[in-house]
Enquirer: 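This is the structure I have questions about; it appears just below.
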Amino acid sequence: MKLTVTLLTALVAALAVAVTRGGQLADPAGLIAWYAVCWALFAAAAWSLRRVPAGKAAVLVVAGGLAVGCTGLLDMPRTSTDSYRYAWDGRVQAAGISPYDHEPASPELAGLRDGWLFLDGPVCETAYMSWLWGGGCTRINRPRVPTIYPPVSEAYFLAVHTLSPPGSRHKPLQVGGLLLAMATTLLLVRSAGARGACLWAWCPAVPIEAVNNAHADVLSVLLAVGGLALLTRRPLMGGALLGGAVGAKFLPALLLPGALSGVRRPRDAMTVLVPAFLVPVFAYLPYVLASEASVLGYLGGYATEEGYSTGSAGRYGLVRLLVPDGWALPVVVLVLGAVAAYTIWKGDPARPWQGGLIVTGTAFLLLTPGYSWYALLLIALVALDGRWEWLGVAAAGAVAYVTGLGTVAYALAALAVLIGWAVRTSARTAPAMAY
């Protein structure tokens, strides 16, 4: 236990430096070096937990997770500006206006601007600022397009704004991220045990992306973990929570094939799929009624901007190594569909998160996303299932975001997954061969 505490202490110290150091994305080599130190200490601490008794391990995972998570509170968001949009969307909703109707730069919303999110003068020359027409700048990225976030996330932004003291700025969203991350840790301790939960609680991506950058993905992760944990006992409620996860971020839709693992009767499938569909539909309904514009916001533009419709900007990096660029998207759709179908047909109904991990991890390797916070869902699935080799895919997302070397990083992650699969297959077949 002493070794684990020592390694956790070192991890907390390294994360504190990584969060507060100067340069950040302007110094990709230095930042990724500190990330590497944090991931190495995380791996060592998780490995050392094997020798800690189960009861003490659970306490250590929760206490260590709190210490690790609190490092994200040490500074303002350092490598992402998304939480400023969250704060703005919450403010707009509190004024009785749909966040889908106007972009932040819109003159109709000028009365909601303040000196925190909207600035002027020399500060506009600094990094991460977006210029406005007519002068001045804002901390909000893409200020000339409407919001992209689904309704469950928008409701969360409104709740945080309503509960926040005046002038509290970025901190309430960071605290909210910490609370959601800790709730996920407690749920994982109960569902997967301490040794599985530590893979989420101590992972460096959690304090950096869920807490410091306050990404709303952590809300969808909590709902997804809760849904997967309930599926085998209360499929209707599990499906509803999965629907809530999709209503917070669209990515958890990849969990549905895993949720249907081994299902043969249409009635059983509908027990999961109907609530998973209806929850986001009903979550969208108030915004549809209150909005003049499309509630999909900038979703289509975002897909084009990030290269998902064209295969540019580093998307489909591994697939494009094997087939012509024009074939990349059809190949991705075909392979992902085949993996999803196999998961539904052959997956373990007692472990729906296992199929969810395989489909989600495969999607990451096929799509090669450039944003590291998307992988929070993947990390939670690894914690549930225990196949630690998939954590390399999450680390690849951080490398892609900081350095732009996404294809190389995802290729190495794919190799790690194949090695892990080979080792596990060999371990299962060795006794039979010996007999």
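Given the structure is predicted, the values throughout are model-derived calculations rather than measurements. Index from 1, following the sequence.
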Enquirer: Would you name the heavy atoms of Arg351 and Leu384 that are closest together and state the gap between them?
Expert: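 Nearest pair, atom of Arg351 first, then Leu384: NH2-O, 4.1 Å.
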Enquirer: Around Arg234, counting heavy atoms of other residues, nucleotides and ligands shown, do more than 12 lie under 6.0 Å from its CZ?
Expert: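 At most 12 heavy atoms, drawn from other residues, nucleotides or ligands, come within 6.0 Å of this atom.
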Enquirer: Is it possible for you to check whether Arg139 lies under 6.0 Å from the centre of the six-membered ring of Trp88, through NZ or CZ, and within 45° of that ring's axis?
Expert: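 The answer is no; the distance or angle limit is not met.
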Enquirer: Do the side-chain N and O atoms of Ser261 and Gln354 include a donor-acceptor pair separated by under 3.5 angstrom?
Expert: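 Gln354 and Ser261 do not have a side-chain donor-acceptor pair below 3.5 Å.
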Enquirer: Check for me whether the distance between the ring centres of Tyr86 and Tyr156 falls short of 6.0 Å.
Expert: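 Between Tyr86 and Tyr156, the centre distance exceeds or equals 6.0 Å.
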Enquirer: With rounding to the nearest 0.5 Å, note down the distance linking CZ in Arg85 to CG in Leu173.
Expert: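 One gets 14.0 Å once the value is rounded to the nearest 0.5 Å.
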Enquirer: Please confirm whether Phe364 and Trp390 have ring centers closer than 6.0 angstrom.
Expert: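 Between Phe364 and Trp390, the centre distance exceeds or equals 6.0 Å.
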Enquirer: Heavy-atom count around Arg21 CZ within 6.0 Å, excluding the residue itself: above 12?
Expert: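 Yes, because the 6.0 Å sphere around CZ of Arg21 holds more than 12 heavy atoms from other groups.
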Enquirer: Got more than 12 heavy atoms from elsewhere within 6.0 Å of CD, Glu292?
Expert: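 Counting neighbours around CD of Glu292, 12 or fewer heavy atoms of other residues, nucleotides or ligands fall under 6.0 Å, so no.
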Enquirer: Taking atom CH2 of Trp421 as the centre, does the number of heavy atoms from other residues, nucleotides or ligands within less than 6.0 Å exceed 12?
Expert: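 Incorrect, the count does not exceed 12.
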Enquirer: Mind listing the closest non-hydrogen atom pair of Tyr401 and Leu25 along with its distance?
Expert: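 The answer is OH-CD1, 3.8 Å.
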Enquirer: Please indicate whether Tyr342 has more than 12 foreign heavy atoms, meaning atoms of other residues, nucleotides or ligands, lying under 6.0 Å from its OH.
Expert: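 Atom OH in Tyr342 is not packed in, count stays at 12 or less.
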Enquirer: Under a 3.5 Å threshold, yes or no: a donor from one side chain and an acceptor from the other, between Tyr100 and Glu154?
Expert: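 No, because no side-chain N or O of Tyr100 sits under 3.5 Å from a partner of the opposite role on Glu154.
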Enquirer: Which heavy atom of Thr4 sits nearest a heavy atom of Ser48, and at what distance?
Expert: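 So the two residues come closest at OG1-OG, 2.8 Å.
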Enquirer: Checking Tyr371 against Glu306 for the side chain to side chain donor-acceptor pair (under 3.5 Å) test, could you report, in this order, the C-alpha distance in whole Å, the side-chain angles of both residues, the deciding distance, and whether it holds?
Expert: CA-CA 10 Å; Tyr371 291 132; Glu306 293 299 316; 2.9 Å; yes
Enquirer: Would you find more than 12 non-hydrogen atoms of other residues, nucleotides or ligands less than 6.0 Å from Lys56 atom NZ?
Expert: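 No, the 6.0 Å shell around NZ holds no more than 12 heavy atoms from other groups.
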Enquirer: Can Thr81 and Asn141 be counted as having a side-chain donor-acceptor contact under 3.5 angstrom?
Expert: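 Yes, Asn141 and Thr81 have a side-chain donor paired with an acceptor closer than 3.5 Å.
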Enquirer: Taking only residues two or more places apart in sequence, or in another chain, which ones meet Val408 in a side-chain contact (heavy atoms from CB on, under 4.5 Å)?
Expert: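 Partners of Val408 by the side-chain contact (heavy atoms from CB on, under 4.5 Å) criterion, ordered by chain and then number, come out as Leu412.
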Enquirer: Are more than 12 heavy atoms from other residues, nucleotides or ligands located less than 6.0 Å from atom CZ of Phe277?
Expert: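 Incorrect, the count does not exceed 12.
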Enquirer: Is there a donor-acceptor contact under 3.5 Å from the side chain of Ser220 to the main chain of Ala245?
Expert: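 Checking the backbone N and O of Ala245 against the side chain of Ser220, no donor-acceptor pair under 3.5 Å is found.
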